[in-house]
Amino acid sequence: MFRRKGIKRRADGMPISTHQRSVVQPPCLLSPLAADIRVMSPAVFLLDGNVVSKPRTMEAENESGSDQENYSRLVSSVIHEYDIIDVEPGARSEESANEDVKSRDSSQDDVTLPRVNCPEKIIICLDMSSEMDKVSFRSRSGDKWTPMKLVRRALSFFLHSKQRLNRNHQFALVHLFDKASWVKDFTGNVRSIISALDDMSDTVELQSFNATSLFDLIHQCVPLPELEGDTTILPPPYIVRMLFIYGRSNGLIEFRNKESFRQLDSSPYFFFDAMYVHEPQSPENRCEEIFDRLCDLDEKGMSYIFEAARNPTRLYDQMAKLLAHPLQRPLQSEIAYRLHNIADLTDT
Amino acid sequence: MQISPHFNKIVESLMVEGKFGVCNGITRVNDVKSGSSTLRKSPSGDRFKIYIPYAGQTITWEVILDNSCPEEPPDFIFEDSDFCPNVADIKSLVNWDIGDPHCLTKVIRELLEHYKTFHERLLEAHSRLQFEYSSLLDQTELSRDLIEVYSERTEKKIGPINFLIKLPVDFSDIPPYLTKDNPGENSAVLLILFPSPDSSRVTPQLYLSPRVEHAFGGSGNLRIPAFPSGGCLLDYVPDVYKLLQNKVEKTVQIYERRKELIAAFLSHFGRSVLEFDADGFFDISFLFEWNDFFFILYIELAPSFPQEAPVLTFQSIYHESKEKPYSEVHDKYPYSPRWSGPEMATRIKTYILDNIQAFQKQSVISGSL
C-alpha cells in the first residue's frame, strides 16, 4: 500500500475528535458480495487527538489480501462517530441545519457557506482515451467489463439518483480528447444525457491530457453565481461541480497554464470532484503519479477524489459517494457510511 | 417624456417612500406629459398620473405641476368627480415647499386620508353597510388604519363595495424564507366584496404576503370558509382571523417537528448524508454501507407529518429494474407521532438494520446487473 502526501492546506490544529476509539472486532458477516469487494480505504483516525488528516490513498491490488482484509475489518469496526461519541463543540451539531457551517477548511476561510441544498450544475467530463475501452474490470464470477461500460452504467445510476434528490439539478457533458469539447449543454433531462452517453463517438488513442484546455473551456462557458448579499446565509442560485472521470494509467495530466482554473477555483460556488479508473498500480504504469496529480487539484480541500481498479463494485460505490451535495457533505476525510448496531460494539 | 428636473426629487420620493394604506403598496407614476405648448429639448414633464392601490382597487389621480413656476403647489384631477376636498383642509398643500423632497408624498398621504373618509361617509346612506363597518370598528380589535372601504358608483346604483381588512395575525415565528429578493413584511389581507349594499352574495378573498404563503406551502393550502348568507363581518372576520392564527401556530409546530427529526438523523448519520432539505426540512437522504453492500436511503416527510410516518425508500446502486435503479418504498412500519425526533430516528435506524438483508436479496433477484 502506498501513501501520498496529505491533503493540502487542511485546518491546522483543529481536532476532530479527541477521544479514544476502541477497536473492537465484531463478528464478521460475509455478504455474498464480500469476496468480490476489495478492501475499502480505511478511515484512519490518529488517536493523539491532533490534526487528523486522512491521506487519500489508492488501495493496493492484492488478490490474496488476507492481511488487508483483517486490517480493514478491524478498522471498519470503527463505527459512526455519532453513535457513541460526544461531538466536539466545533463539529457539526444537532442544531438548526440553517446555521452556518463553521469553516470546514482554513483555506476556505474567506467565505463560509450556508449548508443549503441549492441546485447543482454538474459537468461530467468523460475521458475518451481508448484505454477506457480496454477490459480491465472483473468480477469474481468471471464477468469482464471495460471501464467505459461500467462508468456509463454508474453514471446512469448517478443521474437517476441525483434527479431524485432534487429535480432542479442540471447536467452537462464534456468529452476529453486531445482537447476538451462540449457535447451536451446543461439540462435537467436525464434521459438525454444518458442517450448522449449511449451514442458516443469512438474513443481514441491518447497520451497526456491537457488540463488547461478543459478549464479554459469551462471558464469560458459556465458562469458562476456572483456573491450577493450575506453569503453566509443566502443560498446561491446554484453551484457548479465538475465530475472529472479519467481513465489513463500512463497519460499524465499536464497543466501548464492554471489561469482559468484559478479563476474558477476562487469562487466558493465551484467544486472539483474526480473519479479515476485505471489498471492495477504497478511499476509499469504511472497510476500513483497521476492520482497524486489529481489530488493536487483539490486546493480548497473540499473535493471528493476517488479511484477504482479491477473491482466493478468499488466503482459503483465510489460513484455513489459522489452524489453528496458539496455544500452539505462532510469532507472526504470524514465520510463514514457503515451502519452498525451499537449493541455489537459494547461486548468486547 | 421625462419629468422636468425641478420635480425629480419629489417624484422619486413618492415612488420610493410612497407606500400607503393597508397594503403598503407602492405608488406608480406614468403617463408623463408637459403642460407647455412649445417643444423643448430638455425634459419638461410636469404633469403625470399616479396609481395608488386602495381597498383592492387602483385609483388614478392626475398631478399637475408647472415647469415654469415650480414653487406653485400642484393641482389634482381625481377620477372620482364626487371627491373634492377643500384645499384649505390639506395642510401639506397649504404649506407646499418645493425644496422639501417629501412634499408631494405628504400631500398624497393627506389626500388619501380624505379619500378614505369620503368613502367611509358614503356608507352612511346604507344602513347595512354602515352597520358592517362600524361594528367591525367598535366590537373587534380592528382599528381604523387596518380597514379600507371603497364604493363603486354609477348614476343609477352603488356597488360593488370593497372592504379591505388587514388581519393582525402574529407571524413572528414563521420559518425564514431565504431569498435575495426581499420578501417584505408578513401580512394577511382579507378583501370582501359586496355586489350591492343589501346583497347576500358576499365574496371573500384572502391575500398572503410571499413569506407567509411560502410557510403555508403555497397558496392552495389555505381554505377560508365562504361568507355565510345572512352573516355579517362582525362574525366572519374574527373567524378568519382565528383560522389564520391557528394555521400559523400549527405550521410553526409541524415545522419544528420536521426540523427536529432531520437534526436527529443528521446527528446519527451526518457523515453519510447525501442531501437534505435545508429550507422546509421535508427530506434527507443517505448513502449507507452494510457488510460491503452500499445502498441509498431516501427519507421523505409529508406535510401531514408527524401524523403520517416518514416514507423510507431503499434504492440499489448496483441493480436496475425497468431502466431505473431498483428501489423499495417502506411506509408502514412501527411508528407513533408521539415519539420525539431522536426517538423516531433511533427506531427508524433499527427498522433499516432489520430490513437491509431482505432488500439486498430482493434487489439481486428482481434487478438486473
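Lettering follows sequence order; numbering is per chain, from 1.
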Task: Check against side chain to side chain contact (heavy atoms under 4.5 Å, CB included), B/Ile352 and A/Leu339 - done: CA-CA 9 Å; B/Ile352 295 166; A/Leu339 280 178; 4.1 Å; yes
- [ ] Kindly indicate, with the supporting measurements, whether the criterion side chain to side chain contact (heavy atoms under 4.5 Å, CB included) is fulfilled by A/Arg115 and B/Leu266.
- [x] CA-CA 12 Å; A/Arg115 210 174 157 199; B/Leu266 278 173; 4.0 Å; yes
Task: Neighbours of chain A found in residues 17-26 of chain B - heavy atoms under 4.5 Å - done: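 Contacts with chain A: none.
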Do the side chains of [X] and [Y] get close enough for a salt bridge, i.e. N-O under 4.0 angstrom?
X: B/Arg271; Y: A/Glu334; value: no
X: A/Arg314; Y: B/Asp292; value: no
X: A/Arg164; Y: B/Glu300; value: yes
X: B/Glu320; Y: A/Arg153; value: yes

Open item on the list: Please determine whether side chain to side chain contact (heavy atoms under 4.5 Å, CB included) holds for the pair A/Leu165 and B/Tyr298, giving the CA-CA distance in whole Å, both sets of side-chain angles, and the decisive distance to 0.1 Å.
Closed with: CA-CA 8 Å; A/Leu165 287 168; B/Tyr298 302 97; 3.6 Å; yes
Open item on the list: Between A/Ser156 and chain B, with a heavy-atom cut-off of 4.5 Å, which part of the residue counts as in contact: side chain, backbone, both or neither?
Closed with: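 Side chain only.
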- [ ] Side chain from CB out, backbone as N, CA, C, O: work out which of these in A/Glu120 comes under 4.5 Å of a heavy atom of chain B, or both, or neither.
- [x]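 When you check distances to chain B, only side chain atoms of A/Glu120 fall under 4.5 Å.
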- [ ] Count the heavy atoms of every other residue, nucleotide or ligand shown that sit under 6.0 Å from CD of B/Glu343, and state whether that count exceeds 12.
- [x]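 Count over threshold, so yes.
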Open item on the list: Please check if the number of heavy atoms outside B/Lys9 that lie under 6.0 Å from its NZ is greater than 12.
Closed with: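 Atom NZ in B/Lys9 is not packed in, count stays at 12 or less.
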Toward chain A, the part of [X] with a non-hydrogen atom under 4.5 Å:
X: B/Thr313; value: side chain
X: B/Ile296; value: side chain
X: B/Gln315; value: side chain

Open item on the list: Applying side chain to side chain contact (heavy atoms under 4.5 Å, CB included) to B/Glu323 and A/Arg191, what does each step give before you reach the verdict?
Closed with: CA-CA 11 Å; B/Glu323 292 179 9; A/Arg191 294 224 172 276; 4.1 Å; yes
Open item on the list: Is there a side-chain contact between B/Ile317 and A/Asp317 in this structure, where contact means two heavy atoms from C-beta onward sitting under 4.5 Å apart?
Closed with: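 The answer is yes; the side chains approach within 4.5 Å.
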